[in-house]
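Written out below as structure tokens is the structure these notes cover.
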Amino acid sequence: MSPKIARLEDRAVVAVTGPDARSFLHGLLTQDVLTLQAGQVRFGAFLSPPGRLMWDLFLWGADDGVRLDVAADRRDALVAKLTLHRLRAQVTIAAEDTPVFVCWDGAAEGFVPDPRLAAVGGRRLGEAQANATADDWQAHRLALGVPDPDRDGGMDRTYPLEANFDLLNGIDFQKGCFVGQETTSRMKRRGAIKTRMLPIAFDGAPPAEGAEVLTEADLRAGQVLTGRDGRAMALLRLDRIDGPLTVDGRPVRVERAAWMG
């Protein structure tokens with residue numbers, strides 16, 4: 001069976017080039033950029049100083065620097081933020097028109113394995129022949145229980161560990177300083193992760209985004225994020241998910257993904 005291939009219109013590319021490109025990004029992002037080789041891709045983020053997610057990123061190594069695969073509707077904001085941090089660094093920061101494609105259910109030529117999880121599939125910068133839709137891709141992602149930090153986390157609302165960046169190779173805790181490192185490292189070191197994005201299953205159409213997930217005792221267990229028929233992501237309190245749960249009176253169940261351990 002041929003792999004499925006889809007273009008992600010909601011993703012866009014920023015080129016960071018020049019002799020200081022890697023060292024410049026290395027001091028800002030959660031991922032090691034200094035050792036990023038041409039053709040290699042890593043998953044990471046740009047955080048706020050208090051440690052919340054601002055942009056989730058796929059970092060692509062290139063001969064002239066790094067390409068950043070980012071949410072399309074927030075690309076201009078990322079360019080502006082990087083430009084603000086540039087100071088005297090010898091880098092050029094510019095938006096590119098390069099399309100972003102994904103593949104799954106098999107390997108496709110020209111695609112690089114998704115750095116988060118092998119089962120997710122592959123990723124490509126540049127044109128490819130699509131045979132599936134972005135909605136098909138979202139269904140695949142949800143089936144694996146992998147959150148979309150842009151859709152599910154928003155901007156400056158969620159900590160990366162709540163969005164499972166520590167489980168999806170999105171943070172290099174050995175690399176040294178990055179924006180938001182102090183809070184992120186402290187949460188990891190102390191095990192102070194009280195909430196996480198987890199998949200929930202139910203019958204019928206998805207609840208509205210932001211709908212409350214309640215325990216049997218009507219205590220708030222979390223809120224619904226993005227979803228589709230039968231499945232959604234939710235940001236849940238880990239101490240309140242073991243018993244029966246409901247959303248708007250409907251039963252839902254947590255289906256913790258095997259990759260989460």
Side-chain angles (χ1 to χ4, degrees), residues 10-96 98 100 112 114-116 123 125 147-189 193 197:
D10 63 348
R11 303 294 294 188
V13 177
V14 173
V16 182
T17 57
D20 295 339
R22 282 177 170 75
S23 59
F24 167 68
L25 291 173
H26 187 79
L28 298 174
L29 308 183
T30 62
Q31 191 54 263
D32 184 341
V33 190
L34 294 180
T35 62
L36 183 67
Q37 301 297 310
Q40 187 179 22
V41 60
R42 291 176 178 169
F43 179 56
F46 194 140
L47 308 181
S48 67
R52 292 186 178 89
L53 277 169
M54 298 294 287
W55 294 273
D56 70 285
L57 304 165
F58 290 88
L59 293 74
W60 296 76
D63 290 334
D64 61 350
V66 179
R67 300 296 185 273
L68 302 176
D69 163 356
V70 63
D73 62 349
R74 289 197 264 151
R75 176 175 64 178
D76 291 347
L78 176 62
V79 170
K81 177 63 74 172
L82 291 175
T83 301
L84 186 66
H85 280 274
R86 181 174 55 190
L87 301 177
R88 297 180 181 178
Q90 297 182 58
V91 296
T92 299
I93 303 160
E96 281 192 349
T98 309
V100 179
V112 177
D114 193 298
R116 294 172 294 179
R123 219 168 172 92
L125 296 186
D148 180 330
D150 175 53
R151 291 167 175 255
D152 295 320
M155 193 170 189
D156 202 17
R157 297 201 308 262
T158 306
Y159 291 105
L161 272 62
E162 293 179 323
N164 302 323
F165 271 66
D166 54 326
L167 305 179
L168 292 168
N169 303 311
I171 304 171
D172 186 335
F173 288 98
Q174 308 303 318
K175 60 157 283 190
C177 292
F178 56 85
V179 176
Q181 181 206 21
E182 184 176 353
T183 300
T184 306
S185 297
R186 183 170 63 248
M187 289 178 69
K188 181 69 170 177
R189 185 174 60 253
I193 308 169
M197 292 182 185

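For the atom pair CG of L25 and CG of D32, the computed distance is 11.5 Å after rounding to the nearest 0.5 Å. With values rounded to the nearest 0.5 angstrom, R157 atom CZ is found 12.5 Å from S48 atom OG. Once rounded to the nearest 0.5 Å, the distance linking OG1 of T184 with CZ of R189 reads 11.0 Å. Between atom CG of residue N164 and atom CD1 of residue I171 there is a gap of 10.0 Å, rounded to the nearest 0.5 Å.
Residues D10 and D73 fail the side-chain proximity criterion, which asks for heavy atoms closer than 4.5 Å. In this structure, M155 and L53 have side chains that are not in contact, with every pair of non-hydrogen atoms separated by 4.5 Å or more. Under the 4.5 Å side-chain criterion, counting only non-hydrogen atoms from C-beta, T92 is not in contact with V16. Side-chain atoms of L68 and V13, non-hydrogen and from C-beta on, never get closer than 4.5 Å to each other. Taking 4.5 Å as the limit, some side-chain heavy atom of T83 sits within range of a side-chain heavy atom of R86. Between V14 and L57 the shortest side-chain heavy-atom distance does not fall below 4.5 Å.
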Going through the checks in order, is the side-chain contact (heavy atoms from CB on, under 4.5 Å) test met by I193 and D166?
CA-CA 11 Å; I193 308 169; D166 54 326; 4.1 Å; yes
Carefully, step by step, assess D114 and F43 under the rule side-chain contact (heavy atoms from CB on, under 4.5 Å).
CA-CA 8 Å; D114 193 298; F43 179 56; 5.8 Å; no
Go through the steps to decide whether L82 and F46 satisfy the test side-chain contact (heavy atoms from CB on, under 4.5 Å), and finish with yes or no.
CA-CA 10 Å; L82 291 175; F46 194 140; 3.8 Å; yes
Worked check of side-chain contact (heavy atoms from CB on, under 4.5 Å) between M197 and T158:
CA-CA 10 Å; M197 292 182 185; T158 306; 3.8 Å; yes
Take D56 and R11 through the salt bridge (charged side-chain N to carboxylate O under 4.0 Å, His left out) test and state the conclusion after the steps.
CA-CA 11 Å; D56 70 285; R11 303 294 294 188; 3.2 Å; yes
Is there a salt bridge (charged side-chain N to carboxylate O under 4.0 Å, His left out) between D172 and R42 once you walk through the steps?
CA-CA 10 Å; D172 186 335; R42 291 176 178 169; over 6 Å; no
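Within the 3.5 Å criterion, the main-chain N or O of W60 finds no donor-acceptor partner in the side chain of R67. No donor-acceptor distance shorter than 3.5 angstrom exists from the side chain of T183 to the backbone of G180, with no hydrogens or angles considered. A donor-acceptor pair under 3.5 Å is absent between the side-chain atoms of R123 and the main chain of P115, judged by distance alone. Looking only at distances, no side-chain donor or acceptor of R22 sits under 3.5 Å from a matching main-chain atom of T35. Distance alone, capped at 3.5 Å, is enough to place a donor-acceptor pair between the T30 side chain and the G170 backbone. Checked by atom type and distance alone, the side chain of Q181 pairs as donor or acceptor with a backbone atom of G176 at under 3.5 Å. Panel note: side chain Q31, backbone N169; a donor-acceptor pair is recorded below 3.5 Å.
For Q90, the CD atom is loosely surrounded, since the number of other residues' heavy atoms within 6.0 Å does not exceed 12. Heavy-atom contacts from other residues, nucleotides or ligands closer than 6.0 Å to CD of E96 number more than 12. Other residues, nucleotides and ligands contribute more than 12 heavy atoms inside 6.0 Å of the NZ atom of K175.
If you look at Y159 and F165, their ring centroids are not closer than 6.0 Å.
Among all heavy-atom pairs drawn from G65 and A21, the shortest one is CA-CB, 4.0 Å. Nearest heavy atom pair, residue G44 against residue L59, reads N-CD1, 3.9 Å. Shown here for P147 and A163, the closest heavy-atom pair between the two residues is CG-O, 3.5 Å. Of all non-hydrogen atoms in L47 and G51, the two that sit nearest each other are CD1-O, 4.0 Å.
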